[in-house]
Amino acid sequence: MTKNELINVITSLKIELKYLKKNLQFRLDGNDIEGTNEKYENNYPSLAGTFEAYAKMDNDTFKLAIKSIDKMQKDLED
């Protein structure tokens with residue numbers, strides 16, 4: 001692999017990480033547990049307790065992925 005090809009791969013990776021991070025952040029923001037509880041006055045979530053557990057697991061996964069992407073982006077900049 002030539003130096004130019006390597007630069008192109010790294011640049012492409014930076015762009016992909018940026019959009020992946022944006023997508024994960026969008027999904028994380030969409031899993032607003034407190035907002036859903038307020039919207040349905042605690043009726044809906046209490047009837048479907050799995051909603052909160054599912055959303056919290058997703059949110060934890062998204063936060064971990066975003067943290068990993070931040071680290072990769074920092075490493076690529078150095």
Side-chain angles (χ1 to χ4, degrees):
M1 179 178 284
T2 66
K3 181 179 177 180
N4 197 27
E5 289 172 334
L6 181 60
I7 290 170
N8 289 338
V9 168
I10 292 173
T11 302
S12 176
L13 178 60
K14 286 180 184 180
I15 292 168
E16 288 177 31
L17 286 172
K18 177 182 172 184
Y19 286 105
L20 176 60
K21 182 177 161 185
K22 248 185 202 182
N23 189 3
L24 290 170
Q25 188 64 51
F26 175 78
R27 293 192 59 192
L28 178 63
D29 294 341
N31 281 348
D32 182 17
I33 297 166
E34 290 79 21
T36 303
N37 282 339
E38 288 175 16
K39 182 177 178 181
Y40 293 102
E41 299 174 6
N42 292 317
N43 291 329
Y44 175 73
S46 65
L47 294 174
T50 56
F51 163 75
E52 189 168 353
Y54 176 75
K56 281 187 178 181
M57 285 192 314
D58 271 357
N59 288 353
D60 290 343
T61 302
F62 295 151
K63 287 176 186 175
L64 181 60
I66 290 169
K67 185 177 176 180
S68 296
I69 290 170
D70 283 338
K71 183 182 180 314
M72 283 186 248
Q73 287 176 319
K74 184 180 177 199
D75 291 346
L76 285 171
E77 293 298 321
D78 293 338

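In this chain, residues are counted from 1 in sequence order.
- Between the NZ atom of K21 and the NZ atom of K67 there is a distance of 13.5 Å, given to the nearest 0.5 Å.
- Dense packing is recorded around NZ of K14, with more than 12 heavy atoms of other residues, nucleotides or ligands lying under 6.0 Å away.
- By the rule that hydrophobic residues join a cluster once side-chain heavy atoms approach within less than 4.5 Å of another member, L64 and L24 end up as members of separate clusters.
- For the atom pair CZ (F26) and OH (Y19), the distance works out to 15.5 Å, reported to the nearest 0.5 Å.
- We find the CG-CD1 distance between L20 and I66 to be 8.5 Å, quoted to the nearest 0.5 Å.
- For the atom pair CG (L6) and NZ (K3), the distance works out to 9.5 Å, reported to the nearest 0.5 Å.
- Nearest approach of I69 to L17, heavy atoms of both residues: CG2-O, 3.7 Å.
- Taken to the nearest 0.5 Å, the CG atom of N8 stands 12.5 Å off from the CG atom of L13.
- When each of K71, M72, Q73 is tested with D75 by the rule side-chain contact (heavy atoms from CB on, under 4.5 Å), just one qualifies, namely K71.
- There is no path of hydrophobic side-chain contacts, each under 4.5 Å, that joins I15 to L76.
- By the 4.5 Å heavy-atom criterion applied to side chains, I7 and T11 are counted as neighbours.
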